[in-house]
Amino acid sequence: MHYALHDGPGIRTVVFLKGCPLACQWCHNPESQGSRPELMITAERCTGCEDCLTVCPTHAAILEGGVPGATDACTACGRCVDACLAGARTIAGRMMTVAEVMSELVRDRVFFEESGGGVTFSGGEPFMQSAFLRSLLEACQDEGISTAVESCGMTDRQDLLGMADKVDLFLYDVKLMDQARHGEATGVGNETILTNLAALATAHAHVIVRFPVIPGVNDDSENVSLMIAMMRRLGLREIDLLPYHRIGTDKYRRLGRPYQLADLQPPSAEAMENIRRTFADAGIEASVGG
């Protein structure tokens, strides 16, 4: 994503790497959870031409009652996408080399230099592709491009700390402090995440905590108080408060997946300001929106 303004300082290009060990109920990039390319369908665009059925090599493309779809035999090869002139079928994710990614990034160098920006590696979880991430970070260093990595922290500590000297800024997601509640909301516990954060806070000079504020899930005073105590203990003084939004809800429909928080509404501006002020009163620099 080019010209991003909320994923680190300045104007940035965000590289999304597929694959994530978490399955957060509110995830707004569900297409990034799986490690392989995936078919997404916008049914209302389908004209019923059936060209997709003709070209599919595994006969996975289907059209039932005028609604396009695919069976489990789909390999996301993209042939149906190429055949669909209406744009009803798209592929989320593509295989790329380090050189191909870098050719995109260096084009934006002038924007980075003029704004104090750079490249942010996000996902998914970038450390799920640790070797690829390391190569990209090294290539950015060679090109003099500033880097940021957004991580959920559920990764091998050796990989995390081993790349710390190649990253200018870490954006580290913390959702819930209680392990059981974290498991219910994300599918995994938080022990590794929190111990990795403690290690990173010691090893790296610039770590910003990112807190997705999900009403009724993690916006309670107990969770906020525990987070403040943890940050103060680790000497972390910056946090981005990211209010829940519904931008990604349509992606679940296009992927053929249910969305667990379909009735949830975003937090009010007043609620976000109250949380921001709570952190600020504890000596933590808090911003809403990143």
Determine the minimum heavy-atom distance between [X] and [Y], stating which atoms define it.
X: Arg12; Y: Gly117; answer: NH1-C, 3.5 Å
X: Val174; Y: Pro212; answer: O-CD, 3.7 Å
X: Ser122; Y: Glu150; answer: OG-OE1, 3.1 Å
X: Cys24; Y: Tyr252; answer: O-OH, 4.4 Å
X: Leu242; Y: Gly289; answer: CD2-C, 3.8 Å
X: Gly48; Y: Leu63; answer: CA-CD2, 4.0 Å

From [X] atom [atom1] to [Y] atom [atom2], the distance as rounded to the nearest 0.5 Å:
X: Thr147; Y: Asp168; atom1: OG1; atom2: CG; result: 4.0 Å
X: Leu105; Y: Glu143; atom1: CG; atom2: CD; result: 9.5 Å
X: Arg45; Y: Thr90; atom1: CZ; atom2: OG1; result: 8.0 Å
X: Cys52; Y: Asp82; atom1: SG; atom2: CG; result: 12.0 Å
X: Leu133; Y: Ser151; atom1: CG; atom2: OG; result: 9.0 Å
X: Leu264; Y: His245; atom1: CG; atom2: NE2; result: 12.0 Å

Begin from the C-alpha positions of Leu197 and Leu236 and carry the test side chain to side chain contact (heavy atoms under 4.5 Å, CB included) through to its verdict. CA-CA 10 Å; Leu197 177 57; Leu236 297 168; 3.9 Å; yes
Cluster question for you: counting only ILVMFWY and a side-chain heavy-atom cut-off of under 4.5 Å, with indirect links fine, are [X] and [Y] together?
X: Leu161; Y: Val209; answer: yes
X: Val106; Y: Met96; answer: yes
X: Leu226; Y: Ile228; answer: yes
X: Ile41; Y: Val55; answer: no
X: Phe112; Y: Val15; answer: yes

Answer yes or no: are there more than 12 heavy-atom neighbours, outside [X] itself, under 6.0 Å from its atom [atom1]?
X: Gln25; atom1: CD; result: yes
X: Glu100; atom1: CD; result: yes
X: Glu285; atom1: CD; result: no
X: Arg232; atom1: CZ; result: no
X: Glu222; atom1: CD; result: no

Is the backbone of [Y] close enough, under 3.5 Å, to the side chain of [X] for a donor and an acceptor to pair up by distance?
X: Asp281; Y: Thr278; result: no
X: Thr58; Y: Ala73; result: yes
X: Thr42; Y: Glu44; result: no
X: Arg36; Y: Arg94; result: no
X: Asp178; Y: Asn223; result: no
X: Asn190; Y: Met177; result: yes
X: Thr186; Y: Gly183; result: no
X: Asp51; Y: Cys84; result: no
X: Arg210; Y: Tyr172; result: no
X: Arg246; Y: Ala262; result: yes

Verdict with supporting geometry, Val167 and Phe121, side chain to side chain contact (heavy atoms under 4.5 Å, CB included): CA-CA 10 Å; Val167 180; Phe121 296 102; over 6 Å; no
What residues form a side chain to side chain contact (heavy atoms under 4.5 Å, CB included) with Gln141, not counting sequence neighbours? Lys166
By side chain to side chain contact (heavy atoms under 4.5 Å, CB included), which residues pair with Asp156, not counting sequence neighbours? Gln158, Asp159
Flag side-chain contact, heavy atom, 4.5 Å: [X] against [Y]:
X: Pro267; Y: Pro243; result: yes
X: Pro9; Y: Leu169; result: yes
X: Leu17; Y: Phe127; result: no
X: Arg254; Y: Glu31; result: no
X: Pro215; Y: Trp26; result: no
X: Ile145; Y: Asp108; result: no
X: Ile214; Y: Leu261; result: yes
X: Val224; Y: Met227; result: no

Glu184/Arg181 ion pair, N-O < 4.0 Å: no
Ion pair Glu38/Lys251, N-O distance below 4.0 Å: no
For Cys140 and Met102, run side chain to side chain contact (heavy atoms under 4.5 Å, CB included): C-alpha distance rounded to whole Å, both residues' side-chain angles, the deciding distance at 0.1 Å, then the answer. CA-CA 8 Å; Cys140 285; Met102 291 305 299; 4.0 Å; yes
Partners meeting salt bridge (charged side-chain N to carboxylate O under 4.0 Å, His left out) with Arg79 (sequence neighbours left out): none
Salt bridge (charged side-chain N to carboxylate O under 4.0 Å, His left out) involving Glu104 - partner list, sequence neighbours excluded: Arg107
Could you list the residues that satisfy ring-ring contact (aromatic ring centres under 6.0 Å, His included) with Tyr244, not counting sequence neighbours? none
Partners of Phe170 by ring-ring contact (aromatic ring centres under 6.0 Å, His included), sequence neighbours excluded? His204
Before you tell me yes or no, could you show the steps for Lys175 and Ile193 under side chain to side chain contact (heavy atoms under 4.5 Å, CB included), namely the whole-Å CA-CA distance, both residues' side-chain angles and the distance that decides it to 0.1 Å? CA-CA 10 Å; Lys175 286 96 171 173; Ile193 293 169; over 6 Å; no
